[in-house]
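Remember, predicted model here, so these are calculated numbers, not experimental data. Note that these values count all heavy atoms, side chains included, but never hydrogens, waters or copies made by symmetry.
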Amino acid sequence: MFLQSDRFGFFYKETPKCGSTTLIHHILRMHGIEPEMNPRRFLRKHSSRLKSHGLRYGSFRGKSDLFFADLNRSYFTFSVVRNPYARTWSNYCNKLNRYTARYAKRAYLAGKLKQFLAGPGAWSRANAASKYIAEYLPLADFVRGLGRHGLRFDTHYWTLCDLLQPHRINYDFILKLEAIDHDLKLLNQHLKGLGVKAACDRLSQQLNQSVAVLPEPFRDRETQNLVHQLYQDDFSLFHYAADYPTASLAAVA
């Protein structure tokens, strides 16, 4: 999914599990749109309204070489990346239901039953579903399952390289979620130069609202090596160290 601003001449490629919901909300507000629902749901339901504000929503599917050539020539292009260890952990905490519904149905059903018994407050929360399902599927088993089945079953799990297609788009700026305070200041300079008045001055606080230490099981060498193998292109292209990080990493859903 992407947001393309004809009004301001910028292009944002969404990357799941990289603070994208917050950024989408902010880009909508830049264009005078205040969504009264989840920003992603708003995009799906109100694409015609976006156009009237100079904003387009779409995917790369079916896009021609001319589309990408125009992007590289005429738009300021940017996106956000994240350490693959932190992104894998975020998927385990927030999107485990999508993996288990396909590949670990016993864990899925047992966890969903617990979620149901927890009451209405838990029924619509993806974090709650993943929390209960994780009681039946340890992190190491989850990562091994990704190794067996691959990452293509859901875009939340795709590599960032597959999502961003850097062989087709010459991105002007790639932000790192781990350095979001610094990178947003640079992004602000670019956006204000394009005429955006309400840039990202207060966005870093929202993106940094949840910071978590990655779990001890990731320190298992086998699990660590498998994450590195699955996301080796991301580690290489975006200059993330293969060694497991010792510091906290932003864990924005």
Side-chain angles (χ1 to χ4, degrees), residues 1-8 10-63 78-82 87 90-102 108 111-112 115-116 118-133 153-158 160 163-164 175 177 180 184 187-188 191 194 196-212 250-253:
M1 190 277 293
F2 63 75
L3 284 172
Q4 185 171 344
S5 175
D6 294 322
R7 178 177 173 183
F8 297 115
F10 71 74
F11 175 92
Y12 162 65
K13 178 62 182 78
E14 177 251 6
T15 43
K17 315 312 298 176
C18 297
S20 53
T21 300
T22 302
L23 277 166
I24 290 167
H25 191 178
H26 201 73
I27 290 171
L28 290 173
R29 296 183 69 184
M30 288 178 192
H31 291 76
I33 302 171
E34 188 60 60
E36 298 178 354
M37 60 183 72
N38 180 282
R40 294 177 181 280
R41 185 182 177 197
F42 180 90
L43 292 179
R44 293 192 296 268
K45 292 176 69 70
H46 299 285
S47 59
S48 60
R49 184 177 170 188
L50 297 180
K51 293 178 182 178
S52 68
H53 289 263
L55 194 60
R56 283 186 277 170
Y57 162 64
S59 73
F60 286 157
R61 186 176 301 165
K63 297 301 183 185
F78 70 94
S79 190
V80 184
V81 297
R82 185 180 192 178
R87 190 161 169 255
S90 182
N91 272 322
Y92 182 71
C93 292
N94 185 256
K95 290 294 182 285
L96 185 59
N97 58 318
R98 298 193 179 195
Y99 169 83
T100 54
R102 182 181 293 256
Y108 174 79
K112 292 295 282 185
Q115 182 188 17
F116 175 77
W123 291 351
S124 63
R125 293 169 48 220
N127 285 348
S130 293
K131 172 186 174 183
Y132 292 119
I133 294 170
F153 67 95
D154 189 288
T155 55
H156 286 83
Y157 290 87
W158 286 16
L160 293 170
L163 289 162
L164 293 175
L175 296 81
L177 197 59
I180 201 64
L184 279 176
L187 180 63
N188 272 338
L191 294 180
L194 296 173
V196 179
K197 294 181 179 179
C200 307
D201 296 309
R202 284 176 276 183
L203 190 54
S204 61
Q205 184 177 357
Q206 293 172 273
L207 289 171
N208 281 329
Q209 63 186 326
S210 176
V211 178
V252 182

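Taking Phe60 as the reference, Phe2, Phe11, Lys13, Phe67, Phe68, Gln165, Ile169, Tyr171 meet the side-chain contact (heavy atoms from CB on, under 4.5 Å) condition, with sequence neighbours excluded. Scored by the salt bridge (charged side-chain N to carboxylate O under 4.0 Å, His left out) test, Glu36 finds no partners at all (sequence neighbours excluded). Listed by chain and number, the residues in a ring-ring contact (aromatic ring centres under 6.0 Å, His included) with Phe10 are His31, Phe78 (sequence neighbours excluded). Listed by chain and residue number, nothing satisfies the salt bridge (charged side-chain N to carboxylate O under 4.0 Å, His left out) test with Arg49 (two or more places apart in sequence, or in another chain). Residues satisfying the side chain to side chain donor-acceptor pair (under 3.5 Å) test with Asp6, not counting sequence neighbours, are Arg56, Tyr75. Taking the side chain to side chain donor-acceptor pair (under 3.5 Å) definition, one finds that Arg7 meets it with nothing, sequence neighbours left out. By the ring-ring contact (aromatic ring centres under 6.0 Å, His included) test, His46 pairs with Phe42, sequence neighbours left out.
Taken to the nearest 0.5 Å, the CG atom of Leu3 stands 7.0 Å off from the CG atom of Leu50. Note that the CD1 atom of Ile180 and the CG atom of Leu187 stand 8.0 Å from one another [nearest 0.5 Å]. Distance check: Tyr99 OH to Ser130 OG gives 13.0 Å after rounding to the nearest 0.5 Å. Rounding to the nearest 0.5 Å gives a distance of 4.5 Å between CG of Leu164 and OG of Ser79. Atoms CE and OG1, on Met1 and Thr155 in that order, are 9.5 Å from each other to the nearest 0.5 Å.
For the pair Leu163/Pro16, a side-chain contact is recorded, criterion being any heavy-atom separation below 4.5 Å from C-beta on. Asn38 is not listed as a side-chain neighbour of His25, based on a closest heavy-atom distance of 4.5 Å or more. The shortest distance between side-chain heavy atoms of Val81 and Leu177 does not fall below 4.5 Å. Side chains of Leu28 and Leu43 form a contact here, defined as non-hydrogen atoms less than 4.5 Å apart. A heavy-atom distance below 4.5 Å is found between the side chains of Ser20 and Tyr12.
Each salt bridge (Lys or Arg N to Asp or Glu O under 4.0 Å) pair with one or both residues in residues 118-132, not counting sequence neighbours, would appear here, but there are none. Evaluation of the salt bridge (Lys or Arg N to Asp or Glu O under 4.0 Å) test over residues 38-47, restricted to residues two or more places apart or in two chains, returns Glu14-Arg40. A salt bridge (Lys or Arg N to Asp or Glu O under 4.0 Å) check over residues 93-102, counting only residues at least two apart or in different chains, returns the pairs Arg98-Asp154.
Side chain of Arg87 to main chain of His156: a donor-acceptor pair is present (N/O by atom type, distance under 3.5 Å, no hydrogens or angles). A donor-acceptor pair under 3.5 Å is formed between the side chain of Ser5 and the backbone N or O of Phe8. No donor-acceptor distance shorter than 3.5 angstrom exists from the side chain of Gln4 to the backbone of Tyr57, with no hydrogens or angles considered.
The two residues Val80 and Thr15 have their closest heavy-atom pair at O-OG1, 2.5 Å. Minimum heavy-atom separation, Leu160 to Cys18: CD2-SG, 4.1 Å.
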